[in-house]
2 protein chains.
Amino acid sequence: MSDQPRIDVGLNAVIVAVTDERPRVLTLRGPDPADPEGRAADLLPYGPLDPGGDRTLELTLRGWVRNQARLELGYVEQLYTFGDRGRLKGQPLEGERLGAEPSGAWPRETRPPEAQPPEGEPRTLSVAYLALARERASRTPAGVHWQEVYAYLPWEDGRKGRPELFDRFLVPRLETWIRSAGSRRERDERRDRAAVGFGLFGSDWDGDRVLERYELLYGAGLVPEAGRDRGITSDAGDLVPGRPMGADHRRMLATALGRIRGKIRYRPVVFELVPPHFTLLQLQRVVEALSGVRLHKQNFRRLVERGGLVEGTGDYESDTGGRPAELFRFRREVLRERRAPGVGLPGA
Amino acid sequence: MSDQPRIDVGLNAVIVAVTDERPRVLTLRGPDPADPEGRAADLLPYGPLDPGGDRTLELTLRGWVRNQARLELGYVEQLYTFGDRGRLKGQPLEGERLGAEPSGAWPRETRPPEAQPPEGEPRTLSVAYLALARERASRTPAGVHWQEVYAYLPWEDGRKGRPELFDRFLVPRLETWIRSAGSRRERDERRDRAAVGFGLFGSDWDGDRVLERYELLYGAGLVPEAGRDRGITSDAGDLVPGRPMGADHRRMLATALGRIRGKIRYRPVVFELVPPHFTLLQLQRVVEALSGVRLHKQNFRRLVERGGLVEGTGDYESDTGGRPAELFRFRREVLRERRAPGVGLPGA
DNA sequence: CCTAATATGCTCAATTTGAGTATAAGTGAG
DNA sequence: CTCACTTATACTCAAATTGAGCATATTAGG
């Protein structure tokens, strides 16, 4: 119908690898589209969609990742399409829920913005993809880096127990945020969201709710992006540790990590991230790195071995620091045998 | 970069309800965009994205569903963005994999189309949403219908045991398709896909693989859409029973059903589809309707009751045909207590 | 009062988990 | 060469979950 402002469509890639037991994501430095002054920020690889280009979006994505990062992608899946207006320049209102809600949502009473967000400017739609790669298969060009995922989302790494920053930063800040709610109803709602999201006040920690946590922190003004999008200079002391990203890319990263954590349980995606031959401990470390929790070694072995996910090669790896470990490979036939072959984390 | 052809963006809604123990989807009759002659077909509600319109895509969607179908949506979640070129007019080549792959994909060697699909025509991106509704909350306007989901995907309903059409149509047709592969490698691959998808040759049936099954049938030329998109008039005798839809809307429906089936297991989405008060058998019937399998009554009750998902109201429903059944309601607190509250189907 | 239909309570064995204990097979220091 | 230490791998055991079925309760209708 309307034809005036036009719509720009781009593709983003969250490319994840695990090296040295650390999940990493491919980023590049560039001017932050959401920053009024265009200061440099970490960004996810991005490319415009050429309407006359490749036949599928996925091919387009593979193509420019190949060019831009000299990287051949293996597993790729579509993550989410981000398309809220003002998402790159916008000003979410206090108390209003953010737009992108990959996990599904019930309606909320949304107060109409008092000043309508800028019309006339082009609307940008970003189709974000998740890709899994074996890192360092390639040398990254200048400006392209494999950054640690948990540098951006430090509260997600619970492998050494609940991170210290929970008690030092998160919980006090969240409590302040809860208390500062306008009404009793809103306070209860904030309390619930914080409890469910961060496993506080008696709720269990649910590793998959990565996006929920990021959005909560954003909504509470505890990440720099929130201040940036509202045109406020935040007091650094009020911010939760964690490296920001440009535009809404940290939201995309959170979406990706949540997706991986969910999927690892019922699809054999881990094997995209380990070399073709691996010891069971190596495999376990990768799963732990992604899920952010430590696992019981013997049970992990039982699960993965008796579940038919792997098979021994007969070869052994000897520089383990102890008894040599057998090398295993992914057993592809499991796809035919079991309905949902994954590695089953605790609480599944 | 390129600016010539331009990109059109639209929103599609797969609106699902369950009435009389049958899952239904809201459709309307209209000219099929993929049919060269524009013949009428069943279509999902669709609306263009107005770049200057609502702040979020979801609000836009809710808005025109309200107008077009006089329906107020409850739960809404983004499904997938379909954006392959030629998807509404196109001609996937024999043996080539379809573009949209919500479940994630490894690269495939794709033979480049011999005749490049038509350039210059606008590329259409459709962001598809899943919405759950309590049917008949509204009177549908003319041309809008609640159709049975299993009219479009009859092979998905296994509540009365494996549907008869498996042996009468599907298996023989699939076997022909497998045999007609060009190479041994391709034959094995087809066989595997059929086995995993439809639970043949010793594999288990996996209810969630709805999209995989539809795409397999499409690729095998067993649904009318395949012939339509290739410009071939198919022999009706070679087609699997099941009502077609216009454009790629049946693919969207399949994506939606798969998503619901997956999600019902770890999120309390069923409660969106039943009235606020319900008997446990009613609830069970809805779960069965969506998942396409029968469940053990006593175990279902145990799961849902002792899992804290529901609580009795003290009221009773008496026209059950037997002993009156207690009415239950959804226990919202479960969200705070359990990590993944769903109804757990067999084989979870 | 008897029969059919549905609801609801309870049992029981088979599996699956969570958490250890025990033993094997390497390394490097002394 | 032996000991201390490290990692790998094999087993055990109790608790929890699941799949399947039996038994009893409560209604309606002849």
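Each chain gets a letter, A, B and so on, in the order the sequences are listed, and its residues count up from 1. Only heavy atoms go into these numbers, but all of them, side chains included; no hydrogens, no water, no symmetry mates.
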Engineer: From CD of E21(B) over to P of dT6(C), roughly how many Å is that when rounded to an integer?
Structural biologist: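 E21(B) atom CD is separated from dT6(C) atom P by 11 Å.
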Engineer: Could you state the interatomic distance from CG (L335(B)) to CZ (R267(B)), rounded to the nearest 0.5 Å?
Structural biologist: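 L335(B) CG to R267(B) CZ: 8.0 Å, rounded to 0.5 Å.
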Engineer: Would you indicate what L280(B) reaches in the nucleic acid, counting non-hydrogen atoms under 4.0 angstrom: base, sugar-phosphate, or nothing?
Structural biologist: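 Answer is nothing: L280(B) stays at 4.0 Å or more from every strand.
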Engineer: Using atom CG of L295(A) as one end and atom P of dT17(C) as the other, report the distance to the nearest whole Å.
Structural biologist: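 Roughly 13 Å, once rounded to whole Å.
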Engineer: Of H296(A) and L327(B), whose nearest nucleotide on DNA chain C comes first from the 5' end?
Structural biologist: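 Counting from the 5' end, the first nearest nucleotide belongs to L327(B).
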Engineer: Nearest to the side chain of T320(B), heavy atoms from C-beta on, is which of dA25(C), dA7(C), dA8(D)?
Structural biologist: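 Comparing dA25(C), dA7(C), dA8(D) against the side chain of T320(B), the answer is dA7(C).
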Engineer: How far does CZ of R336(A) sit from CG of D192(B), to the nearest 0.5 angstrom?
Structural biologist: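 Interatomic distance, R336(A) CZ to D192(B) CG, rounded to 0.5 Å: 4.0 Å.
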Engineer: Within the structure shown, what part of the strands sits under 4.0 Å from Q298(A) by heavy-atom distance: base, sugar-phosphate, or nothing?
Structural biologist: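 Result for Q298(A) = base.
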Engineer: In whole angstrom, give the distance that lies between atom CG of L303(A) and atom C1' of dT16(C).
Structural biologist: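 In whole Å, dT16(C) C1' lies 10 Å from L303(A) CG.
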Engineer: So, OP1 or OP2 of dA10(D): does either fall under 4.0 Å of a side-chain N or O from R301(A)?
Structural biologist: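 For R301(A), the contact criterion (side-chain N or O under 4.0 Å from OP1 or OP2 of dA10(D)) is met.
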Engineer: Tell me which nucleotide among dT17(C), dG18(C), dT8(C) gets nearest to the side chain of E326(B).
Structural biologist: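 For the E326(B) side chain, the nearest candidate turns out to be dT8(C).
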Engineer: When the distance from CG of D319(A) to P of dG28(C) is rounded to whole Å, what number comes out?
Structural biologist: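 Spelled out: CG on D319(A) to P on dG28(C) is 11 Å.
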Engineer: Please evaluate residues Y214(B) and E212(B) with respect to the criterion side chain to side chain donor-acceptor pair (under 3.5 Å), reporting the C-alpha separation (whole Å), side-chain torsions for both, the decisive distance (0.1 Å), and the verdict.
Structural biologist: CA-CA 6 Å; Y214(B) 175 74; E212(B) 253 175 82; over 6 Å; no
Engineer: What is the separation between atom CD on E317(A) and atom C1' on dT9(D), rounded to the nearest whole Å?
Structural biologist: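 The distance from CD of E317(A) to C1' of dT9(D) comes to 16 Å, rounded to the nearest Å.
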Engineer: Do any side-chain nitrogens or oxygens of K297(A) fall under 4.0 Å of OP1 or OP2 in dT9(D)?
Structural biologist: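 Indeed not, no polar side-chain atom of K297(A) lies that close.
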Engineer: Atom CZ of F300(B) to atom C1' of dA7(C): distance rounded to whole Å?
Structural biologist: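 Distance, rounded to whole Å: 14 Å.
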Engineer: If you pin Y316(A) and G321(A) to their nearest nucleotides in DNA chain D, which one's is more 5'?
Structural biologist: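 That would be G321(A).
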Engineer: Less than 6.0 Å separating the ring centroids of F330(B) and F278(B)?
Structural biologist: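 No; F278(B) has its ring centre 6.0 Å or more from that of F330(B).
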Engineer: Has the side chain of R302(B) got a donor or acceptor atom sitting under 3.5 Å from an opposite partner on the base of dG9(C)?
Structural biologist: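 By the distance-only test, no, there is no pair.
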Engineer: Taking CD from Q284(B) and P from dT6(C), how many angstroms apart are they, rounded to a whole number?
Structural biologist: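 It is 12 Å, rounded to the nearest whole Å.
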Engineer: Would you say CD of E164(B) has more than 12 non-hydrogen atoms from neighbouring residues, nucleotides or ligands within 6.0 angstrom?
Structural biologist: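 At most 12 heavy atoms, drawn from other residues, nucleotides or ligands, come within 6.0 Å of this atom.
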Engineer: Are R323(A) and dA24(C) close enough that a side-chain N or O sits under 4.0 Å from OP1 or OP2?
Structural biologist: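 The answer is no; no side-chain N or O of R323(A) sits under 4.0 Å from OP1 or OP2.
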Engineer: Rounded to whole angstrom units, what separation is found between the CG atom of N299(A) and the P atom of dA14(D)?
Structural biologist: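 The distance from CG of N299(A) to P of dA14(D) comes to 16 Å, rounded to the nearest Å.
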